Amino acid sequence: MFTVPELGYEYGALAPHISEDIMRLHHDKHHVAYVTKLNAALEGQDELASRDVVDLLRHLDDVPESIRTAVRNNGGGHYNHSLFWQVLSPNGGGQPQGTLGETLIQKYGSYEAFTEKFNAAALSLFGSGWVWLTSELEIVSSPNQDSPLLDGGAEPLLGLDVWEHAYYLDYKNKRDDYVAAWWNVVDWGFVSGRYDAAQAE
Ligand SMILES: [Fe+2]
């Protein structure tokens with residue numbers, strides 16, 4: 001059985017960038033719904049249900065066709081949101097330090113150039129989806145609850161949820177204001193740790 005991880009901070013801790021109301025709705029309703037539906041889809045599939053969610057998403061061909069879409073959408077929702085809560089912190093913001101910070105600047109020219117490109121991907125994504133920074137430091141957009149994991153791609157270091165449920169209560173239709181505020185709560189220490197771990201593999 002998959003379970004929703006607890007937040008590592010209070011629901012209101014990311015305010016004013018992300019409100020307590022959004023965090024309660026997003027974590028306790030949306031994420032819980034993905035996990036409930038994932039568990040329901042995998043009922044009677046003991047071997048698949050015993051795998052970790054990355055393994056499931058990387059090997060969707062192993063999942064019977066009758067439940068593959070449910071596992072893709074709800075397993076994706078579970079993985080994506082589990083990562084999302086962890087990349088956020090009330091002590092976030094600033095710029096990445098260490099190897100990740102240096103390598104991002106080498107690749108994009110500056111930290112600002114990187115965020116501009118990432119923001120452009122978030123604003124041009126039509127409908128619901130995610131924008132990722134992968135362990136190869138590529139910026140990738142995915143529709144719905146997809147991620148680079150599905151295409152055998154590099155594991156995401158950081159993901160931005162641009163579904164309206166992530167921001168509509170606070171920002172209404174102003175996705176650009178949400179994206180700008182979101183950088184203030186990104187935990188670069190956590191993201192750098194993921195980068196260093198991926199490099200060590
Ligand atoms: Fe979400």
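Note that the structure is a prediction, hence the values are computed from the model and not measured. All ligand and atom numbering here is 1-based and tracks the order in the structure.
Side-chain contact of Y34 with N73: a donor-acceptor pair under 3.5 Å is absent, judged by distance alone. For the residue pair W163/H26, the side-chain donor-acceptor check at 3.5 Å is not satisfied. Of the N and O atoms on the side chains of W130 and Q145, at least one donor lies less than 3.5 Å from an acceptor on the other residue.
Counting only protein atoms, the N, O or S atoms lying less than 2.8 Å from the Fe ion (ligand 1) are H26 NE2, H81 NE2, D161 OD2, H165 NE2, ordered by chain and residue number.
Scanning both residues, D161 and A166, for their nearest heavy atoms gives O-CB, 3.6 Å.
Not a single donor-acceptor pair under 3.5 Å links the side chain of D146 to the backbone N or O of S142.
Using bins of under 30°, 30° to 60° and over 60° for the plane-to-plane angle, the ring pair Y167/Y178 lands in the parallel bin.
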